[in-house]
Undergrad: 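One structure follows; several queries about it will come next.
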Amino acid sequence: MTAAEQASLPSPTDRRSRRRHSRRLFALYAAALAGSLGLTVCFLAALPFYSDYLVSSCYGPAASCKLATLSPIASAPGGAPLFGPAGTVWLHLALDIAFFAVYAAAAGLVLLLKPRDPLGSIAALSLVCFAFGSQTFLGWEGAAWLVPAAQTVAIAGFMLFALLFPSGRTTRSWLPWIAVGAFLARYVPDLLPVPEIHIDRWPLALSLLWMAVFYGSLAYSQFTQYREAAAEHSREAIRKVAVGFIGAFGTLIAVSLPLIAWPELYGGQLFWLDLAARSAMLFIPLSLGAALLKHRLWGVPPVVRSGFVYAALLGISFAIYLAVVAYLALVFQTESGVFRLIATGVVAVLFSPIKNALDKLANRLVYGRREDPVSFLVRLGDRLRDPFAPERVLDSVTATIREAMRLPHASIAIGLRGAETVAAASGGPRDASAVRLPLVVGGEELGGLYAMPRAPGEPLSAADDKLLQLFAREAARIVYGLKQSLDIGRLMQELQASREKLVYAREEERRTIRNNLHDDLAPRLASLALLASAARDLMERDPTRARSIVSELETDIREAAGDIRAFVNDLRPPALDQYGLPEAIRQRAERWTQLEGANVRIVVSFGAELPPLPAAVEAAAYRIVSEALANVVKHALATECRVAIEPRSGELYVEVRDNGIGLSERKGESAPDGGTRSGGVGLTSLRERAEELGGSLRIESPQDGSGGVRIAAWLPMSPREERRETE
């Protein structure tokens, strides 16, 4: 094991710290789970006693209903209850069970899907305690201490949640002291044997002050959490919690204030006031569940989804049954068993449509709107309409697919050089269960779209496959267009770089010409002018000296003319203008074979009659062949070299091939790399000469085992613009 690997391993202290942290998380989760299950069992155990209490006390001869969780439904003077005694009792039980089930369902989902989240465990236990403390029959044996204890635990849990959510830490060091101090000031006095300090003895001003301090500190904690949260999903979670609590208490105040202002408003029907207040508090479990389970609904097991559907179906059916019975009782002003039969028939007729609607709702919550693929495409188009950098387009596509179908992972991989490279991904990491759909355009496979099932052991359905096929087709078009856009951008960058090189090369040539003219030719011409002037002055006085100066002048003029000719030859080989490219190359080859020590035979062949070529192409071909022959003669130790030039499909093909040693053994040349070789300075200049015309050059060892080196160049015989117009 290397030192780096050893350094990356956790130390024994870190391992012990992680084990302690895991044990604390497990203990908290186990306590929340046990507490939630225990309170649920206690709630169910109290229901039979509560039913007997409702029958005997609320809707019986005693007519005393002080311990009920909801006020009794008032009936007309001397008349029976609206739904009859039995129906009204069942209505009370059904409402209590439904409200408790909402809290318990939210808590159960949090415990099921976020077992290692301490805030999730705290919130789940708080929800169950809150529902138990609000809806448990106070006359049940043991409720005298269990209900207050559950209410205290619920308030303490909500306090911790408000202080720590979502970052897991407090934003201000003094906030926990104020919140915990206010909590203890509220609940500790009730435990002391001093009745004067109990909460029911507090004056109204002190109670309002306590509420302002306690709930104000919790609200300020959430405000600072929101302001300091860096991630948008954390801010969204805080907004959901705030909307839930504000909605609950706002609705509660809205339905309670009219009762204070107009006591006769409800006409003694406090049952409906209690029902509205209880319904308003449902904002709390719904908001907490939505905040904690963001992006986790795809992990809900199928049995939980089915349970949700059937529980909701049971509640709706029961509500329809009671509504039909109540309506018929109001219309006919009597109570009859026929009404129950009619209500049962209505429920039976509506059972199947309601179940289908609930199935669609559950599927939409978990899977998205997969039954409406057009909305997916519209959503994707709306996202792509916004300005994006090209490399961010695929990120938006994968995010849309994952969010629309409620998938844990979606990614797009693009094929590059025989292997797939992930270009964009959304969600968690991809594993072996991911499904791959090929991205094909015009018969060419560009890559693959990967999507993971929502839960282990739950494969994607046929509807999911059809929708993913639709997404794959759209993603393939986007990848194809993006690839073209990136290719065009790369070509434009290369074109800009080529233009810059040409500008730099042109300016370098101009500077070289200027320096040659200014530093060499101009002084020499000036000196020639001075010599001519001196010869003229001495022509009569000293003819001998004048003839000597004229002779020197003649020699200097010839040297200057030779230098000018050599300078012009450097700009463009004169043999090209005098003889043409074929003959110029033959003469160049003969000149190399005539050098002393050159034991190589050079054979030049032209496959067909060359058409008229641009001057740049002629010069490039001539210089490529000249440089290649120089390398052969100086370094290759070859006995034969073949030069072939011929037109091919609008390009001039130039090949120089020898039977000498390879590049790796030549002095002054770099070793071969198994493909296209870069070579030394001379070979690099060959490639640059070909590429600056838009052509290409390849240097390689022949595959037939004959040895040597093959230099092949493809030079366009006309500019790119002219060829595109011709095509």
Undergrad: For S167 and Q225, test the side chains for any donor-to-acceptor distance below 3.5 angstrom and give the result as yes or no.
TA: yes
Undergrad: If you measure from CZ on F161 to CG on L119, what distance do you get to the nearest 0.5 Å?
TA: 6.0 Å
Undergrad: Is R116 atom CZ crowded by more than 12 heavy atoms from other residues, nucleotides or ligands, each under 6.0 Å away?
TA: no
Undergrad: In the structure I gave you, are the side-chain heavy atoms of V654 and L697 within less than 4.5 Å of one another anywhere?
TA: no
Undergrad: Under the side-chain hydrogen bond (donor to acceptor under 3.5 Å, both in side chains) test, which residues partner E646, sequence neighbours left out?
TA: R648
Undergrad: Can you tell if the side chain of S605 reaches within under 4.5 Å of the side chain of R642, non-hydrogen atoms only?
TA: no
Undergrad: Would you compute the distance between atom CZ of F26 and atom NE2 of H21 and round it to the nearest 0.5 angstrom?
TA: 14.5 Å
Undergrad: Does S426 have any side-chain hydrogen bond (donor to acceptor under 3.5 Å, both in side chains) partners at least two apart in sequence or in another chain, and if so, which?
TA: R402
Undergrad: Are the side chains of V243 and S287 in contact, using a 4.5 Å heavy-atom criterion?
TA: no
Undergrad: Can you check whether D431 reaches M452 side chain to side chain, under 4.5 Å on heavy atoms?
TA: yes
Undergrad: Just how far is it from atom CG of L439 to atom CD of E445, taken to the nearest 0.5 Å?
TA: 7.5 Å
Undergrad: Closest heavy-atom contact between S221 and T171?
TA: O-OG1, 4.2 Å
Undergrad: Once you round to the nearest 0.5 Å, how far does CG of L25 lie from CG of D117?
TA: 8.5 Å
Undergrad: Is any side-chain heavy atom of V617 closer than 4.5 Å to a side-chain heavy atom of P716?
TA: no
Undergrad: Just verifying a value: how many Å separate F606 CZ and I645 CD1, rounded to the nearest 0.5 Å?
TA: 4.0 Å
Undergrad: Tell me the closest heavy-atom pair linking L127 and A107, and the distance in Å.
TA: CD1-N, 4.2 Å
Undergrad: Does the side-chain contact (heavy atoms from CB on, under 4.5 Å) test come out yes or no for E651 and L715, once each step is laid out?
TA: CA-CA 5 Å; E651 293 181 326; L715 306 176; over 6 Å; no
Undergrad: Flag the pair L125 / Y29 as yes when at least one side-chain heavy-atom distance between them is below 4.5 Å, and no otherwise.
TA: no
Undergrad: Is it true that a side-chain atom of Q222 and a backbone atom of V241 form a donor plus acceptor pair closer than 3.5 Å?
TA: no
Undergrad: Does L437 offer a backbone N or O that forms a donor-acceptor pair with the side chain of Q469 under 3.5 Å?
TA: no
Undergrad: Given side-chain contact (heavy atoms from CB on, under 4.5 Å), test F245 with I284 step by step and report yes or no.
TA: CA-CA 6 Å; F245 278 88; I284 294 176; 3.9 Å; yes
Undergrad: Is there a side-chain contact between L581 and L610 in this structure, where contact means two heavy atoms from C-beta onward sitting under 4.5 Å apart?
TA: yes
Undergrad: Could you measure the distance from the CG atom of L686 to the CG atom of N631? Nearest 0.5 Å is fine.
TA: 6.5 Å
Undergrad: Applying ring pair (Phe, Tyr, Trp, His ring centres under 6.0 Å), can you list everything that pairs with Y450, at least two apart in sequence or on another chain?
TA: none
